[in-house]
Amino acid sequence: MAKFKLKLVHLYPLFLNLYGDIGNIITLQKRCEWRGIELDIQQFNIGDKLEEGTDIFFIGGGQDRQQVEVSQELQKYKSLLTQEYENNSVFLGICGGYQLMGEYYQPHDAERLEGISILDAYTVAGSNRFIGNVTAEADYIQEKNTLVGFENHSGLTYLRGDTTPMATIVVGNGNNGIDKTEGARSKNAFGTYLHGSFLPKNPHFADYLIKLALQKKYKDNIELEPLDDSIEIKAHESVLEKAY
Ligand code: GLN
């Protein structure tokens, strides 16, 4: 019988799962399993009913046309998702999913897509496409504060209010190629432009999210048993080498 149990809801995997973002779910699943933490993963698609009591939400990236469908669907669950955000559930949104965690995404040739506003941020389609390896630094991660990934987006995201960057850009463009911010954080909600997928190459960040989710559910600062991350760190360092 697992001592710790967490529930993860994967939002709209049939629409937003471009660039292998499912690798983030697999990483969380394995890193919990290797520590005897039971992670119940539920896929949530159009037509499903969203219940309360989720510890981790994940939403992946996608092209503008998939974002149109998901944007409309998300509005039905905006108040429930906001309530979960206020209750410190962990959210991780990648690229297109990240954009819909903000107030809106304005594509080039479509109506403005409304987001759920758990991040105080907005996105407008830019004239260039940012494509390439990214390295960034997240000083709140103790073990290791570099984050690596691959960006592929035309959206330019701007943060407002008390929403802070997830990381500071070292190499690459990040949110908008101007202010050196990458991604966003508000409470336990995180958004990032880092594909790759993101968590397999950043095991320290995956563990940071698992710890936040355990803390939210068990109200205790639970230390995670260390794992052999030699392969993950090799993958992390291979991006660092390519990026410089
Ligand atoms: N369609 C959005 C953009 O181009 C998101 C792309 C993505 O999820 N990679 O900015």
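Atoms within a ligand are numbered from 1 in the order they appear, just like the ligands themselves.
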Give the numbers and elements of all ligand 1 atoms closer than 4.0 Å to a heavy atom of Asn152. 6 (C), 7 (C), 9 (N)
Taking a cutoff of less than 4.0 Å between a non-hydrogen atom of the residue and any ligand atom, is Leu18 in contact with ligand 1? no
Would you check whether Gln63 has a nitrogen or oxygen atom less than 3.5 angstrom from a nitrogen or oxygen atom of ligand 1? no
Quick check: do Leu8 and Leu28 have side-chain heavy atoms less than 4.5 Å from each other? yes
Minimum heavy-atom distance Cys32-Ile210, with the two atoms named: SG-CD1, 4.0 Å
Taking only non-hydrogen atoms of Gln67 and a 4.0 Å limit, the atoms of ligand 1 in range are 1 (N), 2 (C), 5 (C)
Does ligand 1 have an atom that lies less than 4.0 angstrom from a heavy atom of Glu151? no
N/O of Ile94 under 3.5 Å from N/O of ligand 1, yes or no? no
Number the atoms of ligand 1 from 1 as they appear, then name those within less than 4.0 Å of a heavy atom of Gly96, with their elements. 5 (C), 7 (C), 8 (O)
Under 3.5 Å: N/O of Gln99 near N/O of ligand 1: yes
From Tyr193, Tyr105, Tyr98, residue fulfilling side chain to side chain donor-acceptor pair (under 3.5 Å) relative to Thr157: Tyr193
Pick, from Gly126, Gly62, Gly97, Gly155, the option with the minimum heavy-atom distance to atom 5 (C) of ligand 1. Gly62
Hey, is Asp64 touching ligand 1 through its side chain, its backbone, both or neither, going by heavy atoms under 4.0 Å? both
Identify the closest protein heavy atom to atom 7 (C) of ligand 1: which residue and atom is it, and at what distance? Cys95 SG, 2.8 Å
Salt-bridge present (Asp229, Arg31; N to O < 4.0 Å): yes
Between Ile59, Asn45, Ile46, which is the residue that forms a side chain to side chain contact (heavy atoms under 4.5 Å, CB included) with Val70? Ile59
Nearest neighbour in protein (non-hydrogen) for atom 3 (C) of ligand 1: Ser154 N, 3.6 Å
What I want to find out is whether Asp120 reaches Arg160 closely enough, with some N-O distance under 4.0 Å, to be called a salt bridge. yes
Do ligand 1 and Gly61 have nitrogen or oxygen atoms that lie under 3.5 Å from each other? no
Looking only at heavy atoms of Tyr19, does any of them come nearer than 4.0 Å to an atom of ligand 1? yes
Under 4.5 Å between any side-chain heavy atoms of Ile41 and Gln29, yes or no? yes
In plain terms, say whether Lys30 and Glu33 are close enough for a salt bridge, that is, a side-chain N and a carboxylate O under 4.0 Å apart. yes
How long is the gap from CZ on Arg112 to CD on Glu103, to the nearest 0.5 Å? 5.0 Å
